[in-house]
Amino acid sequence: MLKKSLIALAISSVSMAASAATVVTPEALISNQGAVATAFTSIDGNNTNSEATDKISVTLNAEYKVDDIITVTFAGGDLSLANTAATSVITLDPVQNDAANSSMTLGLLSTEANKLTFRVTDLTLTVHPTTPNAVATTKGAVIDFGGLMFTNTSILASGAVNATYAAETSNGFPLDVEKTNTAALFSTADQFTAEVSTPLDAIIDVNSKRLNFYVNTTTNETVDDLVLTSTDLEGTVIPDSSPSANYAFSQKATPVSAEHIITGDFSFLGEADETTGVITTSNVTAFDDAGTPVALDVTVYNDRVEVATNGSSKINGGVTVTIDVEGSEAGLADAAIQTQKFVVSTELNYTDAATKAQNIVLLNDAAAGEWTLNGAVVHVPFMPFRDGYSPIVNVSNTSSQDGDIEVLVYAQNDAAWVAPKSYTLGVAAKAQAQTNITAALRDAGIEGDVAFDIIVNAPKENIEVSALYYNAGDRAVMNTTKK
């Protein structure tokens with residue numbers, strides 16, 4: 001049976017092995033970020049703003065004759081017709097053939113964006129004079145194709161480029177047809193990655209009026225850490241590669257700096273400057289964890305924390321952002337901490353292979369954790385505490401523990417907005433009982449038309465709230481919702 005092997009790229013300007021037998025991904029790996037502004041990737045020869053591989057080598061295992069047709073087709077990549085001057089260099093088997101008196105020549109018939117067509121125009125075979133039982137043959141001949149320029153726009157769009165060799169006689173009979181006729185030329189990958197390694201996960205303690213975080217029954221704290229990890233994959237181990245291989249990018253990018261933006265409600269950390277919007281009194285810090293920790297630039301606003309990592313040495317590894325809620329009093333925040341979810345965005349600044357400044361968003365509002373309460377939260381959407389109305393609010397607690405009760409009140413939003421206010425009630429939700437907290441709500445000084453959260457320091461699945469009010473004999477029942 002006719003058989004031929006298409007040998008993968010012999011790579012010259014990229015630090016990768018040339019033998020497919022020893023490299024998991026022998027094709028040139030092009031950086032999506034590095035090649036974004038370069039025009040071409042070449043095979044055989046350099047071009048401005050490109051890196052070149054050496055050649056496409058094909059070992060023949062059939063007998064060819066003059067006028068046989070050879071094609072090389074490309075899937076996933078387009079040749080630049082203006083910059084491609086395809087070449088073919090043939091080396092016949094030097095053991096069977098007399099090299100000095102043997103030759104095989106191809107003529108280029110056509111160049112298309114995805115196909116090269118050649119014709120055997122000359123073939124002279126002479127038996128090697130000193131090899132016993134030598135047979136003049138085209139089997140074992142190696143054709144090296146080069147002079148090709150692929151557009152980077154097509155490579156980056158497809159993510160992979162393959163070459164397929166085919167041959168046929170002048171009357172259409174196929175030659176050298178095997179699965180090994182196709183080999184990978186290029187593949188692309190993102191050079192940079194980022195992830196949330198450790199999300200924010202503090203538990204706000206309702207027993208301390210939501211002014212710090214619960215650790216255990218005897219310990220509270222005021223800090224919560226967010227760890228972000230960004231990586232330049234160049235030189236790192238390719239996951240699941242066997243044998244182990246490292247990323248070696250062609251047309252690689254060079255990282256310059258990164259910025260992380262954590263979005264949430266940080267207004268309780270201090271008063272923002274009226275001009276800049278910056279909270280200058282916050283205790284938020286950030287450190288680069290690569291090697292010796294280095295303090296990073298941190299800017300805190302009401303709605304976000306910005307962390308800047310200046311310098312490529314701070315790209316690889318983790319960045320730990322420590323949010324310390326401690327205010328003027330040791331161990332406590334200056335205002336009640338709100339339950340909330342956080343998101344983070346990471347943008348990387350880099351230079352591409354053409355040394356042009358670029359940037360890429362590695363994380364876009366990625367989940368970065370949340371702050372929860374050590375108890376149940378039930379929302380009451382409306383309750384009038386004013387003349388003519390009689391509120392009745394009951395808490396049912398089917399658990400085996402009493403639960404302290406905090407109420408976070410949202411005032412009616414009229415002409416002037418008022419920040420939610422926290423009240424700790426003087427009555428607890430009794431275990432395996434129903435507790436009427438109406439009087440305690442009035443005693444706390446709650447007035448007007450309000451909505452509020454009832455926060456009970458007890459298992460949330462065991463807490464239910466009944467909220468209703470009367471007006472001139474009519475009763476209105478509020479639909480409460482758990483948070």
Side-chain angles (χ1 to χ4, degrees), residues 31-37 189-202 223-236 249 252-270 272-273 275-325 340-371:
S31 167
N32 282 328
Q33 287 72 51
V36 67
D190 287 329
Q191 186 177 336
F192 306 109
T193 64
E195 65 177 354
V196 177
S197 302
T198 304
L200 295 166
D201 60 356
V223 298
D224 192 16
D225 289 338
L226 171 67
V227 180
L228 306 171
T229 301
S230 53
T231 305
D232 179 356
L233 294 178
E234 174 68 18
T236 65
F249 286 97
K252 64 185 176 183
T254 302
V256 176
S257 64
E259 183 180 40
H260 309 284
I261 299 178
I262 303 108
T263 302
D265 180 6
F266 302 101
S267 59
F268 66 95
L269 295 177
D273 183 272
T275 302
T276 64
V278 176
I279 301 174
T280 58
T281 57
S282 74
N283 296 318
V284 180
T285 58
F287 286 86
D288 164 35
D289 294 342
T292 302
V294 177
L296 304 177
D297 297 333
V298 176
T299 309
V300 180
Y301 299 87
N302 282 336
D303 61 349
R304 67 192 186 280
V305 172
E306 297 181 357
V307 178
T309 63
N310 298 312
S312 59
S313 63
K314 300 181 181 68
I315 298 301
N316 283 324
V319 169
T320 298
V321 183
T322 299
I323 299 177
D324 190 343
V325 301
Q340 59 178 304
K341 294 183 178 181
F342 300 92
V343 295
V344 63
S345 295
T346 295
E347 183 172 335
L348 174 70
N349 301 305
Y350 67 93
T351 55
D352 62 24
T355 68
K356 294 182 179 179
Q358 305 283 356
N359 62 74
I360 182 175
V361 175
L362 299 177
L363 295 175
N364 185 18
D365 286 344
E370 64 178 315
W371 287 345

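For clarity, every value in this text was computed on a predicted model and none was experimentally measured.
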Subject >> side-chain hydrogen bond (donor to acceptor under 3.5 Å, both in side chains) against T275, all qualifying residues, sequence neighbours excluded >> reply: none
Subject >> Partner residues of D352 under the side-chain contact (heavy atoms from CB on, under 4.5 Å) criterion, sequence neighbours left out >> reply: V36, A37, Y350, A354, K356, Q358
Subject >> Atom pair OG/CD of S230 and E347 - distance to nearest 0.5 Å >> reply: 13.0 Å
Subject >> Test side-chain hydrogen bond (donor to acceptor under 3.5 Å, both in side chains) applied to T281 - qualifying residues, sequence neighbours left out >> reply: none
**OP:** Output all residues satisfying ring pair (Phe, Tyr, Trp, His ring centres under 6.0 Å) with F266, sequence neighbours left out; order by chain, then residue number.
**Re:** F342
Subject >> Residues forming a salt bridge (charged side-chain N to carboxylate O under 4.0 Å, His left out) with E370, sequence neighbours excluded >> reply: none
Subject >> Partners passing side-chain contact (heavy atoms from CB on, under 4.5 Å) against T355 (at least two apart in sequence or in another chain) >> reply: none
Enumerate, atom names and distances included, each donor-acceptor pair closer than 3.5 Å involving a side-chain atom of residues 359-368, sequence neighbours excluded.
| residue | atom | partner | partner atom | Å |
| --- | --- | --- | --- | --- |
| D365 | OD1 | S345 | OG | 3.3 |

Original post:
Can you list the residues that meet the side-chain hydrogen bond (donor to acceptor under 3.5 Å, both in side chains) rule with T229, with sequence neighbours excluded?
Top reply: S197
Original post:
Looking only at heavy atoms, which two atoms of A272 and G277 are closest? And how far apart?
Top reply: CB-O, 3.6 Å
Subject >> Side chains of Q191 and D232, donor plus acceptor under 3.5 Å >> reply: yes
Original post:
Residues in side-chain contact (heavy atoms from CB on, under 4.5 Å) with S282, at least two apart?
Top reply: L269, I279, V284, V300
Subject >> Separation between CG of L228 and CG of L226, rounded to the nearest 0.5 Å >> reply: 4.0 Å
Subject >> Set of residues satisfying side-chain hydrogen bond (donor to acceptor under 3.5 Å, both in side chains) with respect to T198, sequence neighbours excluded >> reply: none
**OP:** Kindly write out the residues that satisfy side-chain contact (heavy atoms from CB on, under 4.5 Å) with T322, not counting sequence neighbours, or none if the list is empty.
**Re:** V223, D225, T285, T320
**OP:** Compare all side-chain heavy atoms of F192 with those of T346 and state whether any distance is below 4.5 angstrom.
**Re:** no
**OP:** Would you give the length of the straight line joining atom NE2 of H260 to atom CG of L348, rounded to the nearest 0.5 angstrom?
**Re:** 9.0 Å
**OP:** Please round to the nearest 0.5 Å and tell me the distance separating atom CZ of R304 and atom CG of D265.
**Re:** 13.0 Å
Original post:
Which pair of heavy atoms, one from S31 and one from K252, lies closest together, and at what distance?
Top reply: CB-CA, 4.0 Å
Original post:
Taking C-beta and beyond as the side chain, do F287 and L296 meet within less than 4.5 Å on heavy atoms?
Top reply: no
